[in-house]
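Residue numbers start at 1 and run along the sequence shown.
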Amino acid sequence: QVQLVESGGGLVQTGGSLRLSCAASGRTFSSPDMGWFRQAPGKEREFVAVINWRDGNTSYANSVKGRFTISRDNAKNTVYLQMNSLKPEDTAVYYCAADRDLYRRYLPSRAIEYTYWGQGTQVTVSS
């Protein structure tokens, strides 16, 4: 089992920045990839970014590319999502997730590919 706890959400004005954190505990060695997803009211959960614990490879949704940066601190078992130039359409509950497929040869971007989920943290961007 892997436990995930997000933090860092809040209210920010358009153009502002926030940094989300996701602290992982438990059998983290069994989860090679950590992803961030978000879900706005009335919408499906959507992929934001993913990072591989071992090599640090990353992938981003087109909607956040160039504005958001995912990173990890292996010593702290923590993944971060630095969000800059925030827009009202970034408003959502943000979730971190961990997979458990040690043999996957690509960075997963579908929610179904992740096994463990955090409780979510609200990000609200005011116009």
Side-chain angles (χ1 to χ4, degrees):
Q1 288 283 351
V2 175
Q3 293 79 43
L4 304 172
V5 179
E6 303 100 332
S7 61
L11 173 65
V12 64
Q13 291 186 334
T14 296
S17 299
L18 282 174
R19 189 177 81 155
L20 305 183
S21 300
C22 176
S25 61
R27 298 171 61 87
T28 57
F29 59 87
S30 66
S31 295
D33 305 299
M34 293 285 291
W36 284 98
F37 288 76
R38 65 187 182 185
Q39 188 166 18
K43 294 188 177 181
E44 292 187 355
R45 191 167 297 190
E46 67 172 353
F47 168 75
V48 175
V50 59
I51 189 167
N52 181 271
W53 277 114
R54 181 180 61 83
D55 58 22
N57 282 346
T58 60
S59 179
Y60 297 89
N62 287 335
S63 58
V64 306
K65 202 171 292 184
R67 299 188 298 123
F68 291 10
T69 302
I70 189 171
S71 62
R72 91 279 195 217
D73 185 329
N74 293 58
K76 295 182 179 180
N77 280 344
T78 300
V79 173
Y80 304 97
L81 186 68
Q82 178 66 43
M83 305 185 295
N84 299 328
S85 302
L86 283 162
K87 306 174 182 179
E89 50 264 44
D90 295 317
T91 295
V93 177
Y94 282 71
Y95 299 90
C96 68
D99 70 348
R100 62 176 184 181
D101 188 336
L102 297 175
Y103 302 101
R104 183 181 288 122
R105 295 189 176 186
Y106 60 92
L107 293 170
S109 61
R110 298 180 299 161
I112 197 172
E113 296 176 300
Y114 289 83
T115 302
Y116 306 104
W117 292 84
Q119 82 287 353
T121 185
Q122 177 71 46
V123 171
T124 303
V125 184
S126 64
S127 57

Which value, rounded to the nearest 0.5 Å, describes the distance between [X] atom [atom1] and [Y] atom [atom2]?
{"X": "Leu11", "Y": "Thr91", "atom1": "CG", "atom2": "OG1", "answer": "8.5 Å"}
{"X": "Asp33", "Y": "Thr58", "atom1": "CG", "atom2": "OG1", "answer": "11.5 Å"}
{"X": "Ile70", "Y": "Ser59", "atom1": "CD1", "atom2": "OG", "answer": "9.5 Å"}
{"X": "Ser71", "Y": "Leu81", "atom1": "OG", "atom2": "CG", "answer": "8.5 Å"}

Residues joined to Tyr80 in its hydrophobic cluster, side chain to side chain under 4.5 Å directly or through other members, sorted by chain and number, are none

Compare all side-chain heavy atoms of [X] with those of [Y] and state whether any distance is below 4.5 angstrom.
{"X": "Trp53", "Y": "Val79", "answer": "yes"}
{"X": "Arg38", "Y": "Ser63", "answer": "yes"}
{"X": "Val50", "Y": "Tyr114", "answer": "yes"}
{"X": "Val12", "Y": "Met83", "answer": "no"}

side-chain hydrogen bond (donor to acceptor under 3.5 Å, both in side chains) involving [X] - partner list, sequence neighbours excluded:
{"X": "Glu89", "value": "none"}
{"X": "Arg19", "value": "none"}
{"X": "Asn77", "value": "none"}
{"X": "Asn74", "value": "Arg72"}

With sequence neighbours left out, the residues meeting side chain to side chain contact (heavy atoms under 4.5 Å, CB included) with Arg100 are Thr115, Tyr116

Those residues at least two apart in sequence (or on a different chain) that pass ring pair (Phe, Tyr, Trp, His ring centres under 6.0 Å) with Tyr60 are none

Residues at least two apart in sequence or cross-chain that pass ring pair (Phe, Tyr, Trp, His ring centres under 6.0 Å) with Trp117, listed by chain then number, are Phe37

Residues 81-111 vs ring pair (Phe, Tyr, Trp, His ring centres under 6.0 Å), sequence neighbours excluded, gives none

Testing the basics here: between [X] and [Y], what is the closest heavy-atom pair and its distance to 0.1 Å?
{"X": "Pro32", "Y": "Asp99", "result": "CD-OD1, 3.2 Å"}
{"X": "Leu18", "Y": "Leu86", "result": "N-CD1, 3.9 Å"}
{"X": "Ser85", "Y": "Arg67", "result": "O-NH1, 3.0 Å"}
{"X": "Gln3", "Y": "Gln1", "result": "NE2-CB, 3.5 Å"}

Contacts satisfying salt bridge (charged side-chain N to carboxylate O under 4.0 Å, His left out) that involve residues 113-127 (not counting sequence neighbours) are Arg104-Glu113, Arg110-Glu113

Residue pairs meeting salt bridge (charged side-chain N to carboxylate O under 4.0 Å, His left out), one or both in residues 115-127, sequence neighbours left out, come to none

Output side-chain donor-acceptor pairs under 3.5 Å for residues 118-127, partner residues at least two apart or in another chain, one line each.
unit_1 : atom_1 : unit_2 : atom_2 : d
Gln119 : NE2    : Glu6   : O      : 3.3
Gln119 : NE2    : Glu6   : OE1    : 3.4
Thr121 : OG1    : Gly9   : N      : 3.2
Gln122 : NE2    : Ala92  : O      : 3.4
Gln122 : NE2    : Thr124 : OG1    : 3.3

